[in-house]
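Indexing begins at 1, ligand by ligand and atom by atom, following the structure's order. Model, not experiment: these values are computed from the prediction.
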Amino acid sequence: TGGTGETTSSNPNVRTIEILQEMGDFYEQVKDQWRTRAYRMAIGTLKKTTNKIRTADEAEELPKIGKRIADKIEEIVRTDGLRRLEFAKQDPTDRVLQKFLKIYGVGPSQGLKWAQQGHKTLEDLKANVHLTPNQKIGIAHYNDFDTRIPREEVTALGDIVKKAAAIIDPDVELTIGGSYRRGAATSGDIDFLITKPSTTTTLDLLTFLDDLVRHLTDTGFLVAALAVPRGESSSKWHGACVLPGNPVWRRIDFLLVPASEMGAALLYFTGDDIFNRSMRFLAGTKGWRLNQRGLYRDVMRGPGREKLNEGVLIEGADEREIFRALGVPWRPPEQRIC
Ligand code: DCP
Ligand code: MG
Ligand code: MN
């Protein structure tokens, strides 16, 4: 192609560009500025590319194309379409789809597939499709998980966990993060952060989590294990619990965090997600990186902005220090609602 930047029929990526364009237009419509820009830049690169890009690896080699869009490019070449785009084109008020997406353990592509197959109700799904064990629980307790938890109940459920924890290891510290820490009157789930002074890895806490889950299951408090990564020990546990005397199942998450990362984890898991995004963006403007493990500087990036190393840790242990390092006046959790 010439240097005009126009897509000509001679560009072998013309179909890919067309679909990426549609996806970019969607993000522009929903005012997602970052993705709109990312798609625009990727399209710009493809327009200047003279060979056909078929795989994510090939795409990622190119300038200004990140991992996510690279994956999308491969999907387009393989399927002549984009699941995410079909999803975006669906009427957002489509009640069947919205209902399916609220089932615990059901993601966008699965929900869309069932809706497109013509299933309309949870009963249809139970009778006609293959469900994972988690999805079965998600359907059986659909209304439970769809009901927000009053703050007093979160406190009461949390107290049961803290009491059990103190018997197993009195040095372990448990904090309820998420909407509860922001002071919300109701929560969608209970987000527990679990740490212990002077730990630098979650390995030191794995036995504790095992013991805690076993104890709380034996006593009838935990009623289901959901996203429990199989095989090797994991630092997270997702499941359901009940308050004695209350039949409603509640979603509860446990996350192990080493003390050296507790500040960053608290910041991340307190949210809200929009506030988190603005803090990460601010870190980015300084050339730093903020994630749930810490605030880092000197993150080295390659020509395609891909990360070459983790960078140098500025702060991970102390939440207030992270605010200070970023030059942001301390905001109590109750004020982190955007
Ligand atoms: N989080 C995030 N980005 C996401 C998901 C989560 O930054 N995509 C962070 C911010 C959230 C926290 O994790 O506050 C906990 O996630 P939840 O989904 O449990 O959200 P909340 O606890 O804020 O709300 P809810 O009351 O609905 O549980
Ligand atoms: Mg939550
Ligand atoms: Mn949660």
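As for D189, its N/O/S atom nearest the Mn ion (ligand 3) is the one called OD2. Between the Mn ion (ligand 3) and the N, O or S atoms of D191, the shortest distance is to OD1. Taking the Mg ion (ligand 2) as reference, D191 places its N/O/S atom OD2 nearest. Among heteroatoms of the N, O or S kind in D253, OD2 lies nearest the Mn ion (ligand 3). Nearest N/O/S atom of D189 with respect to the Mg ion (ligand 2) is recorded as OD1.
From I190, atom CD1 reaches atom CD1 of I149 across 4.5 Å, with rounding to the nearest 0.5 Å. From K162, atom NZ reaches atom CG of L212 across 12.5 Å, with rounding to the nearest 0.5 Å.
Salt-bridge check for E310 with R289: passed, with a basic side-chain N closer than 4.0 Å to an acidic carboxylate O. A salt bridge does not link R68 with D71: none of the charged nitrogens is closer than 4.0 Å to a carboxylate oxygen. Classification of D253 and R251 as a salt-bridged pair holds, one side-chain N sitting under 4.0 Å from a carboxylate O. Ion pairing between a basic and an acidic side chain is recognised when a charged N comes within 4.0 Å of a carboxylate O; R293 and E261 show such pairing. Ion pairing between a basic and an acidic side chain is recognised when a charged N comes within 4.0 Å of a carboxylate O; K67 and E306 show no such pairing. A salt bridge links R40 with E28; the closest basic N to acidic carboxylate O contact falls under 4.0 Å.
Closest protein heavy atom to atom 11 (C) of ligand 1: G271 CA, 4.1 Å. What sits closest to atom 12 (C) of ligand 1 on the protein, heavy atoms only, is F269 O, 3.6 Å. The nearest protein atom to atom 2 (C) of ligand 1, hydrogens excluded, is given as Y268 OH, 3.4 Å; this is a heavy-atom distance. In terms of protein heavy-atom proximity, atom 26 (O) of ligand 1 is closest to S179 OG, 2.5 Å.
Taking any N or O of G178, backbone or side chain, none lies under 3.5 Å from an N or O belonging to ligand 1. For ligand 1, the polar-atom distance check against D272 finds no nitrogen or oxygen pair separated by under 3.5 Å. Note: no N/O pair closer than 3.5 Å links T186 and ligand 1 by distance alone. In terms of polar-atom proximity, R280 is not counted as a contact of ligand 1, lacking any N or O under 3.5 Å from an N or O of the ligand. For the pair S187 and ligand 1, the shortest N or O to N or O distance does not fall below 3.5 Å. Below 3.5 Å of separation, one finds an N or O of R148 facing an N or O of ligand 1.
Here the options are D171, D169, T202, the test is side-chain hydrogen bond (donor to acceptor under 3.5 Å, both in side chains), and the partner is K196; only D169 passes.
Set against the non-hydrogen atoms of R182, the atoms of ligand 1 under 4.0 Å away are 14 (O), 23 (O). Taking every non-hydrogen atom of D273 and a distance limit under 4.0 Å, the qualifying atoms of ligand 1 come out as 2 (C), 3 (N), 7 (O). Near N276, meaning under 4.0 Å from any of its heavy atoms, are these atoms of ligand 1: 2 (C), 7 (O), 9 (C), 10 (C). Applying the 4.0 Å criterion to heavy atoms of D191 picks out, from ligand 1, the atoms 15 (C), 19 (O), 22 (O).
Contact annotation for Y180 and ligand 1: no heavy atom of the residue comes within less than 4.0 Å of the ligand. Contact annotation for D189 and ligand 1: heavy atoms of both the backbone and the side chain come within less than 4.0 Å of the ligand.
Side-chain contact check for E75 versus R83: some heavy-atom pair is nearer than 4.5 Å. No side-chain heavy atom of L193 sits under 4.5 Å from any side-chain heavy atom of L174. Annotation: side chain of R35 is not in contact with side chain of M23 (no heavy-atom distance under 4.5 Å).
In this structure, atom 8 (N) of ligand 1 has its sub-4.0 angstrom surroundings free of protein heavy atoms. Within a 4.0 Å radius of atom 18 (O) of ligand 1, the protein has no heavy atom.
Residue contacts to the Mg ion (ligand 2): D253 brings no N, O or S atom closer than 2.8 Å.
A cation-pi contact, defined as under 6.0 Å to the ring centre and within 45° of the axis, links R336 to W330.
Below 30°, between 30° and 60°, or above 60°: for W34 and F281 the angle between ring planes is between 30° and 60°, a tilted geometry.
Taking 4.0 Å as the cut-off, T270 counts as a neighbour of ligand 1 on heavy-atom distance. Residue R277 places every heavy atom at 4.0 Å or more from ligand 1.
Residue S187 comes nearest to Y180 through the heavy atom pair OG-N, 3.6 Å, listed as atom of the first residue, atom of the second, then distance.
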